[in-house]
Amino acid sequence: MNKRSCGILMHITSLPSPYGIGTLGREADCFANWLRDAGQRFWQVLPIGPTGYGDSPYQPFSSFAGNPLMIDLDELVEQGLLSRERVEQADYGADPNYVDFEKVSRTKTELLREASKKFEDDVGYTSFTLDEADWLDDYALFMALKDKFGGKPWTLWDEDIKLRTPEALERYRNELRDEIRFRKFSQYIFFRQWDRFHHYCNSIGIEIIGDIPIYVSPDCADVWAQPELFELEESRNPKRVAGVPPDYFSATGQLWGNPLYDWEEMKARGYDWWIERVRKSTQNYDVLRIDHFRAFDTYYAIPFGQKTAEHGKWEQGPGIELFDAIKAELGKVNIIAEDLGEIFDSVKMLLRKTGFPGMRVLQFGFNPDNADNDHLPHSYPKNCVAYTGTHDNATVMQWYSEADRKSRAMAKRYLKKGLLEGRNYSFIRSVYASPANLAVIPMQDVLCLGKEGRMNVPSTLGGNWNWRMKKMPKLSDASKLRELAETYFRLNVN
């Protein structure tokens with residue numbers, strides 16, 4: 001990432017597809033081809049883990065597993081594991097613009113169960129289950145248990161299995177062996193397809209930027225399997241939870257509810273859990289974006305049970321020691337640090353020590369005071385990744401339509417839209433022209449979408465993460481981006 005380049009931010013689930021949700025099939029390859037034609041070098045995706053409550057990719061059931069909803073069903077038809085008629089007649093939801101997660105999850109889970117019953121263990125499956133056993137065994141059992149207990153969080157399971165007594169583990173592994181196999185089968189298919197997709201992207205000059213949520217979901221296999229790594233009571237409820245204080249996104253802060261790490265225990269174990277998490281991520285992605293990077297320096301701890309994030313306390317994180325341990329074990333890892341929000345000088349110091357590029361977001365640059373700030377493109381350092389907006393922002397067209405008069409006037413003056421230029425492209429051009437080594441644009445901004453294209457509204461539940469492209473983008477948009485990339489010396493010539 002030391003040379004000027006550009007990329008697009010869009011999650012796999014947002015791809016067009018006849019099956020209700022974007023997958024790792026033909027459409028993913030087609031979009032990768034479009035990126036190549038548009039002169040792009042990077043495709044940034046959101047976390048790819050199996051989503052749980054609220055459908056958020058930032059609250060997965062595992063930090064290591066993949067999301068079975070992204071599995072391409074056409075491949076299973078070609079392998080004889082599903083019938084074409086069965087796949088085409090299934091109900092995936094009626095609106096091609098949005099993912100109906102409830103219907104898609106129910107339907108695809110049924111289809112994958114049918115496929116798993118026809119599947120005969122092969123060498124690839126056996127090797128996968130052995131190679132990934134460190135996380136796969138616990139994850140598969142965890143998901144089988146969730147199914148048995150009606151989807152309840154693991155903290156509400158029967159006491160013996162909640163606390164993982166040896167007798168309970170052995171009993172349920174025997175009782176749920178078929179469901180456990182199904183969960184392992186789903187992960188095998190997912191990662192086989194992901195590896196194929198990743199290799200195809202690389203073969204045409206496209207690199208994948210993956211996203212690692214800094215925290216894990218309270219209801220996930222990681223916390224259930226290794227509770228000693230987290231701040232938990234004997235009852236397994238969290239002592240304190242994660243979030244951020246009141247900020248741009250929310251007047252009462254963001255109460256995420258994730259359990260906090262026991263950093264002393266992590267340190268005593270040589271940060272092995274984090275090292276393995278990053279190792280797995282480097283296999284899946286070419287570049288890693290770590291969400292909420294500032295919490296490695298200082299993190300916000302909110303007493304468990306609070307209704308808002310207004311009464312938390314700042315605590316000291318592991319700092320550079322964690323990244324030294326990762327580097328010692330894995331060598332140099334390409335990491336983007338999400339350093340947005342309330343940033344202390346100590347966070348900036350940590351970022352300088354790591355050498356990782358931070359982030360800049362154009363929307364944050366415009367304000368009613370007409371004040372200069374770090375998010376205006378003329379102030380960007382080379383070592384950063386510049387965005388028009390992120391998955392948590394409004395699209396630029398929604399932002400422009402809803403901004404206060406003074407902020408909108410500031411944007412209008414700064415961007416100076418060309419006579420034949422769309423408003424969205426004035427935002428994109430400004431980011432492309434900046435000194436930032438890497439410019440990344442959400443696909444919704446390329447498509448000039450308004451609020452209908454917003455991916456997530458922080459601190460809200462329901463109606464998020466479900467935006468989809470109805471069809472593949474036009475070649476004319478690829479030509480426009482390619483021309484901008486060439487003009488501002490970001491063109492991917494691979």
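All heavy atoms count here, side chains included; hydrogens, waters and symmetry mates do not.
Ring orientation note: the planes of W135 and F191 are nearly perpendicular, at an angle over 60° on the 30°/60° scale.
Taking the six-membered ring for Trp, F293 and F323 have ring centres closer than 6.0 Å. Taking the six-membered ring for Trp and the full ring otherwise, F142 and W157 have centroids separated by under 6.0 Å. The six-membered or imidazole ring of Y139 lies away from that of F64, with a centre-to-centre distance of 6.0 Å or more. Annotation: W194 is in aromatic contact with F197 [ring centroid separation under 6.0 Å]. Side-chain rings of F149 and W154 stay apart, their centers remaining 6.0 Å or farther from each other. Aromatic ring centres of F31 and W43 lie closer together than 6.0 Å. Taking the ring centroids of Y299 and W314, they lie at or beyond the 6.0 Å cut-off.
A salt bridge does not link D219 with K152: none of the charged nitrogens is closer than 4.0 Å to a carboxylate oxygen.
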Apply ring pair (Phe, Tyr, Trp, His ring centres under 6.0 Å) to F185 and Y125, showing your working.
CA-CA 7 Å; F185 162 81; Y125 172 81; 7.4 Å; no

query = Given the rule in the salt bridge (Lys or Arg N to Asp or Glu O under 4.0 Å) test, do R196 and D29 qualify, once you have shown the distances and angles that lead to the verdict?
reply = CA-CA 10 Å; R196 184 214 60 79; D29 292 354; 3.1 Å; yes

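Residue Y92 is tested with Y98, Y19, F101 for a ring-ring contact (aromatic ring centres under 6.0 Å, His included); the sole match is Y19. Results of the salt bridge (Lys or Arg N to Asp or Glu O under 4.0 Å) test with E321 over K353, K267, K327 single out K267 as the only residue that passes. With E179 as the fixed residue, the side-chain hydrogen bond (donor to acceptor under 3.5 Å, both in side chains) test singles out one of R113, K146, K148, K184: R113.
Checked by atom type and distance alone, the side chain of R240 never pairs as donor or acceptor with a backbone atom of Y300 at under 3.5 Å. A distance-only check finds no donor-acceptor pair linking the side chain of H391 to the backbone of M455 [under 3.5 Å].
In this structure, R192 forms a cation-pi arrangement with Y188, its terminal cationic atom sitting closer than 6.0 Å to the ring centre and no more than 45° off the ring axis.
Looking at T165 and D160, their side chains never bring a donor and an acceptor atom within 3.5 Å of each other.
For D138, the side-chain hydrogen bond (donor to acceptor under 3.5 Å, both in side chains) partners at least two apart in sequence or on another chain are R164.
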